[in-house]
2 protein chains.
Amino acid sequence: MTVSRVVNMKGNVKQATAERIQRAIAKVDYRPNIGARRLSGGRTYQILMIFNNPNVTWTAKLLIGMMHACRNIGYHLLIEGVGDYEGDTIGLPIDYEEITKLLDPSRIDGVILPPPICFDRRLLEIVREKAVPCVRIAGTPAQDIQLRVSIDNFAAAYELANYFISEGHENLAIIKGPGDYVASALRFEGFSASIRDHGLKLSPSNIQTGNFDVQSGNECARELLRLKDRPTAIFASNDEMAAGVLSAAQESRIRIPEELSVAGFDDAPIARSVWPKLTTIRQPLRAMGEKSVELLESYIRQINNESDETVQSNVLLDYELKVRQSSGTCPIAKH
Amino acid sequence: MTVSRVVNMKGNVKQATAERIQRAIAKVDYRPNIGARRLSGGRTYQILMIFNNPNVTWTAKLLIGMMHACRNIGYHLLIEGVGDYEGDTIGLPIDYEEITKLLDPSRIDGVILPPPICFDRRLLEIVREKAVPCVRIAGTPAQDIQLRVSIDNFAAAYELANYFISEGHENLAIIKGPGDYVASALRFEGFSASIRDHGLKLSPSNIQTGNFDVQSGNECARELLRLKDRPTAIFASNDEMAAGVLSAAQESRIRIPEELSVAGFDDAPIARSVWPKLTTIRQPLRAMGEKSVELLESYIRQINNESDETVQSNVLLDYELKVRQSSGTCPIAKH
DNA sequence: CTGAAAGCGCTAACAT
DNA sequence: ATGTTAGCGCTTTCAG
């Protein structure tokens, strides 16, 4: 029993005894049997991640972070894919009945929701009703579900626009993400704000909306490149769409970055596999995955009164502007 | 007890009783508590996948298949990344001590090894010693570890070369994968064999070796495109390298597919996100993931004498040649 | 501050 | 063909 107390850092144990036990634990490489723990205590030591993002690469990076954190704190990670996450499109229907079953507190201690499922109002409602501890990744705080891990999307896009403008660009364009992505909306806000703050204008014809895949980036770019007053810099709200911009430019024999600057968002693998390599905002996905698990766990400890520290509900991690070959000085400003 | 027998399809139960129990199970949506099961029986109901492939996208597809299969048969999937799987390079050292710990039969019932870690002799030796049931993905059968899921890499590459030749190409080139990938070596063999069988020759200068990333594909392609007698068709052993070939051709203003045909392997997302889209061999990664779990489970059942059917040790799944815009008729053959 | 007793849900082994 | 007993390793509760 005293061993149990030491392992769980719960209850009072004499300092000396605790140390003696710690030593023994290290010696035998003892690790609690998670099954027995689950059987006995009320907790399940399982965390669920539900994802419906068709961009598996993106989700996989988060996943790796979650895996690591879970192992460190002795949790199991369950992964549930909903919707057609193998296809190329997004926004496919979610089976709420199935999800409701999964969210049974007798099977999991908490849930992590990455985008875009973390923006789904109906799902959030279910989570709230079932009172399942929940951490959302990206977006803004939502009703009754405060736990969240993100980067500052507004600031990141603001900084990117600043960079474009510092390179002499005045005619900027943006390809927004799908409407239901709150994170993407914030990027748009940040981008616009910088333009406004520099006394420039973002004309409505310079605003396109894609759906985060390469094809849509290509199509939006065609529209933009066809404009009489063609923009000299395009910000696509993720790297896949930015890759589509690149291919559209190549089709039209527009040289990058000499005639057109392009930037993406995420620093996904594709950012470095296209040519030229993409200027982008790096999002620390792996760290975000780790943090989300840690945040969830400390919250679970808190509501079980196993911890006295208050849990910070909003974790903002650092992003980073990566300038690569797809962007440069504005051609018009050159002379 | 009788319920347990029904659930596990083990021992003799009267038909009528079994059906009655089945109905009750469905009614209550009963699902066995995996923790209790583990605590009681000898088995852990956990399968481990160890991966060290830096191409997370590739591994993620497998993973999704494994997840699904695991849920269906009531297993947990543990995922362990070793090596620097976040970086862009491969072949980094594996921590054998750590792996040896993970392979403890008291913690897992079996292990699944995707490439390239499934080609590691020392690891296979450890697996054999510890007598952990093991399924390998890709490659050829190995000493004492017979369970394997794959496609026929030789035949696939053979078919691809056939296709090139049927389009009139006679001067073919190949970019091989790293030496330790057995699957990649088989692709080389198949490609060469087809060329030979058609009475053509694969000149040594038309053989390059990359390391499966875009950059190396680009570099190998530069070598090939610099040749006096430039090849008209290049087969890169995966899609990432093929994307590199594309960019090298674009740098040299060589039009695709008019002047050069390019093909990759895998049908990874990048195959459809580059421009022009890549001709490639589709590998059913998700199905391979599912099969690997199912194969492992039936083997585990067999060695525990819970099943009388003999387990097929080699599962070969179907590949598919996908012809897209990056390849076409040989320019020389046109007139 | 430490320990003893009971029980979580399941299965192996042993009855019947 | 079905039921009974015991125990897996842990935590909760209650006693010292």
Please identify each residue that fulfils ring pair (Phe, Tyr, Trp, His ring centres under 6.0 Å) with Tyr319(B), with sequence neighbours left out. none
Side chain to side chain contact (heavy atoms under 4.5 Å, CB included) with Ser292(B): which residues, sequence neighbours excluded? Met66(B), Ile112(B), Val135(B), Ile137(B), Val149(B)
So which of residues 16-32 of chain A are in contact with DNA chain D, with a heavy-atom cut-off of under 4.0 Å? Tyr30(A), Pro32(A)
May I have all residue pairs that pass salt bridge (Lys or Arg N to Asp or Glu O under 4.0 Å) and include part of residues 1-13 of chain A, sequence neighbours excluded? Lys10(A)-Glu306(A)
Using atom types as modelled, flag every donor-acceptor pair under 3.5 Å from a side chain in residues 25-39 of chain B to any protein atom, sequence neighbours excluded.
unit_1   : atom_1 : unit_2   : atom_2 : d
Asn33(B) : OD1    : Gly35(B) : N      : 2.7
Asn33(B) : OD1    : Ala36(B) : N      : 2.9
Arg37(B) : NH2    : Asn8(B)  : OD1    : 3.2
Arg38(B) : NE     : Thr44(B) : O      : 3.1
Arg38(B) : NH1    : Gln46(B) : OE1    : 3.2

Residues passing the side chain to side chain contact (heavy atoms under 4.5 Å, CB included) test with Glu297(A), sequence neighbours excluded, are Ile73(A), Tyr75(A), Arg301(A)
One would report the end-axis bend of the helix from dC1(C)-dG16(D) to dT16(C)-dA1(D), five pairs per end and rounded to 10 degrees, as 30°
Pair listing, salt bridge (Lys or Arg N to Asp or Glu O under 4.0 Å) test, anchored in residues 13-25 of chain A, at least two apart: none
For Glu294(A), the side chain to side chain contact (heavy atoms under 4.5 Å, CB included) test, sequence neighbours excluded, returns Ala69(A), Glu290(A), Lys291(A)
Measure the distance from CZ on Arg38(B) to P on dC10(D) and round it to the nearest whole Å. 13 Å
The criterion is salt bridge (Lys or Arg N to Asp or Glu O under 4.0 Å); which residues satisfy it with Asp267(A), sequence neighbours excluded? Arg272(A), Arg324(A)
Taking 5' to 3' order, which nucleotide of DNA chain C is first and which is last to have an atom within less than 4.0 Å of a heavy atom in chain A? dC1(C) to dG9(C)
Pairs: protein N or O with nucleotides 12-16 of chain D N or O, under 3.5 Å:
unit_1  : atom_1 : unit_2   : atom_2 : d
dT12(D) : OP2    : Lys10(A) : NZ     : 3.4

